[in-house]
Amino acid sequence: MIKENILKVREIINKAAKQAGRKPEEIRLIAVTKNVPVLKIKEAIEEGITEIGENRVQEFLEKYPLLKEEKIKWHFVGYLQRNKVKYIVNSIDLIHSLDNLKLAEEIDKRAKKVGKVQELLVEVNISGEESKYGVKEEETISFLKSLAFYKNLKIMGLMAIAPFVEPEKTRPYFRKMRELFEKAKRIKGENFEIKYLSLGMSNDFEVAIEEGSNMIRLGRAIFGGV
Ligand SMILES: *Cc1c(COP(=O)(O)O)cnc(C)c1O
């Protein structure tokens with residue numbers, strides 16, 4: 001099942017990339033494994049998955065030791081509480097959900113302590129929904145600039161979650177993200193290397209890729225439930 005799902009996902013990635021005049025291999029596929037048992041994660045890894053995303057610190061901490069030997073990259077895609085940063089900073093390759101300065105300060109401090117530069121994305125609340133985390137669209141660029149002084153952070157791009165609506169209706173949100181992304185790329189600074197746009201989940205990744213996403217986060221499309 002996982003095997004077939006991944007094949008299907010890769011087909012859609014190929015099609016959407018082609019549609020957008022881009023190369024499929026430029027699009028990083030993250031398997032989001034919340035509520036997915038380790039055995040199934042290992043199955044996905046056997047089918048070629050190389051990047052795993054979790055959205056809760058507790059769950060990540062339970063699974064990480066069991067998957068430590070695997071050659072995979074780890075993403076933290078969920079809301080991150082400041083007091084939990086210390087538990088993940090050692091082992092997470094990319095944090096997708098930075099959206100406030102106090103959190104930036106804490107990640108910087110903890111990264112420094114373990115002698116690491118933490119790569120991260122800034123999460124944008126592109127729909128303006130109150131239930132969503134992320135910086136406001138209009139504050140994104142100034143927020144990014146305010147991160148220039150944190151030497152142990154490396155800002156790699158932007159992330160957003162579209163509203164859960166018909167896929168086609170997510171397009172305007174992804175377009176706005178693409179515009180922000182292009183602006184963000186022009187920010188100068190040693191700790192900026194803006195190159196990732198993390199957009200697209202099981203429901204809407206085809207549209208997201210067409211609109212410029214180069215990092216998609218899929219749970220149900222890979223592990224079932226769609
Ligand atoms: C759960 C989750 C996903 C994956 O969602 P699916 O709809 O299962 O593909 C992606 N991103 C974040 C931030 C998530 O929490």
Side-chain angles (χ1 to χ4, degrees), residues 5-6 8-22 24 26-36 49 51-56 75-80 94-100 103 119-144 155-185 194-226:
N5 289 347
I6 292 174
K8 211 161 92 189
V9 160
R10 295 218 184 271
E11 255 171 49
I12 297 173
I13 294 173
N14 287 345
K15 181 169 151 241
K18 204 168 171 190
Q19 178 101 357
R22 294 156 63 210
E26 286 166 13
I27 293 146
R28 285 171 70 174
L29 167 60
I30 301 165
V32 178
T33 52
K34 59 177 177 233
N35 304 320
V36 176
I49 290 294
E51 313 208 41
I52 299 290
E54 283 285 341
N55 76 332
R56 287 194 297 133
H75 297 256
F76 191 80
V77 300
Y79 172 68
L80 181 56
L94 184 67
I95 296 173
H96 288 231
S97 49
L98 176 64
D99 67 354
N100 68 80
L103 181 59
E119 298 192 349
L120 48 84
L121 307 178
V122 166
E123 180 171 358
V124 181
N125 182 354
I126 198 64
S127 64
E129 290 167 285
E130 265 185 42
S131 60
K132 290 224 162 80
Y133 295 107
V135 296
K136 292 190 179 135
E137 181 188 356
E138 62 274 20
E139 290 168 6
T140 304
I141 299 301
S142 65
F143 179 73
L144 283 166
I155 325 312
M156 305 295 292
L158 301 177
M159 179 274 226
I161 301 173
F164 194 71
V165 292
E166 280 169 59
E168 196 48 45
K169 292 201 170 140
T170 59
R171 202 177 288 279
Y173 300 101
F174 293 144
R175 243 174 230 178
K176 284 199 283 184
M177 284 300 296
R178 174 66 183 268
E179 283 166 23
L180 273 181
F181 181 55
E182 297 304 330
K183 275 189 206 155
K185 280 186 195 164
I194 304 277
K195 58 179 180 183
Y196 295 120
L197 188 53
S198 170
L199 299 175
M201 300 167 42
S202 295
N203 180 51
D204 54 22
F205 69 99
E206 187 168 1
V207 178
I209 293 169
E210 286 170 7
E211 294 301 330
S213 165
N214 56 15
M215 197 173 249
I216 57 175
R217 313 177 306 267
L218 306 186
R220 294 165 306 141
I222 292 173
F223 297 103
V226 169

Side chain to side chain, L180 and K176, heavy atoms closer than 4.5 Å: no
Residues forming a salt bridge (charged side-chain N to carboxylate O under 4.0 Å, His left out) with E138, sequence neighbours excluded: none
Residue pair F223, N5: steps toward the side chain to side chain contact (heavy atoms under 4.5 Å, CB included) verdict: CA-CA 7 Å; F223 297 103; N5 289 347; over 6 Å; no
Gap separating the CD atom of E137 from the CD1 atom of I126, nearest 0.5 angstrom: 4.0 Å
Partners passing salt bridge (charged side-chain N to carboxylate O under 4.0 Å, His left out) against K185 (at least two apart in sequence or in another chain): E182
Inter-residue atom distance N35.CG - R220.CZ, 0.5 Å rounding: 12.0 Å
Inter-residue atom distance I222.CD1 - T33.OG1, 0.5 Å rounding: 9.5 Å
G212 to R178 - nearest heavy-atom pair and separation: CA-NH1, 3.4 Å
NE2 on H75 to CD1 on I30, rounded to 0.5 Å: 4.0 Å
Shortest non-hydrogen contact from S202 toward A221: OG-N, 2.8 Å
Polar side-chain atom of N214 near backbone of L197 as donor-acceptor pair, under 3.5 Å: yes
Heavy-atom pair of closest approach, residues E206 and A16: O-CB, 3.7 Å
Interatomic distance, M215 atom CE to K195 atom NZ [nearest 0.5 angstrom]: 9.0 Å
L29 and F205, any side-chain heavy atoms less than 4.5 Å apart: no
With sequence neighbours excluded, residues passing ring pair (Phe, Tyr, Trp, His ring centres under 6.0 Å) with F164: none
Pair L144-V122, side chain to side chain contact (heavy atoms under 4.5 Å, CB included): steps then yes or no: CA-CA 8 Å; L144 283 166; V122 166; 3.7 Å; yes
Donor-acceptor under 3.5 Å (S97 side chain, Y79 main chain): no
Considering all heavy atoms, the nearest M201-D204 contact: N-OD1, 2.7 Å
Residues in salt bridge (charged side-chain N to carboxylate O under 4.0 Å, His left out) contact with E11, at least two apart in sequence or another chain: none
F174, CZ atom: more than 12 neighbouring heavy atoms under 6.0 Å: yes
Minimum-distance pair of heavy atoms, taken over all atoms of S213 and I27: O-CG1, 3.8 Å
Separation between CG of D99 and CE of M159, rounded to the nearest 0.5 Å: 9.5 Å
Side-chain (R56) to main-chain (K34) donor-acceptor, under 3.5 angstrom: no
pair V135-V124: side-chain heavy atoms closer than 4.5 Å: yes
By salt bridge (charged side-chain N to carboxylate O under 4.0 Å, His left out) - contacts of R22 (at least two apart): none
4.5 Å side-chain heavy-atom contact, I216 and I13: yes
Side-chain donor/acceptor of T170 to backbone N/O of E166, under 3.5 Å: no
Any residue meeting side-chain contact (heavy atoms from CB on, under 4.5 Å) with R175, in chain and number order, not counting sequence neighbours: R171, E211
Stepwise side chain to side chain contact (heavy atoms under 4.5 Å, CB included) test for R217 and H96: CA-CA 11 Å; R217 313 177 306 267; H96 288 231; 3.9 Å; yes
K132 versus N125, closest heavy-atom pair with distance: O-ND2, 3.3 Å
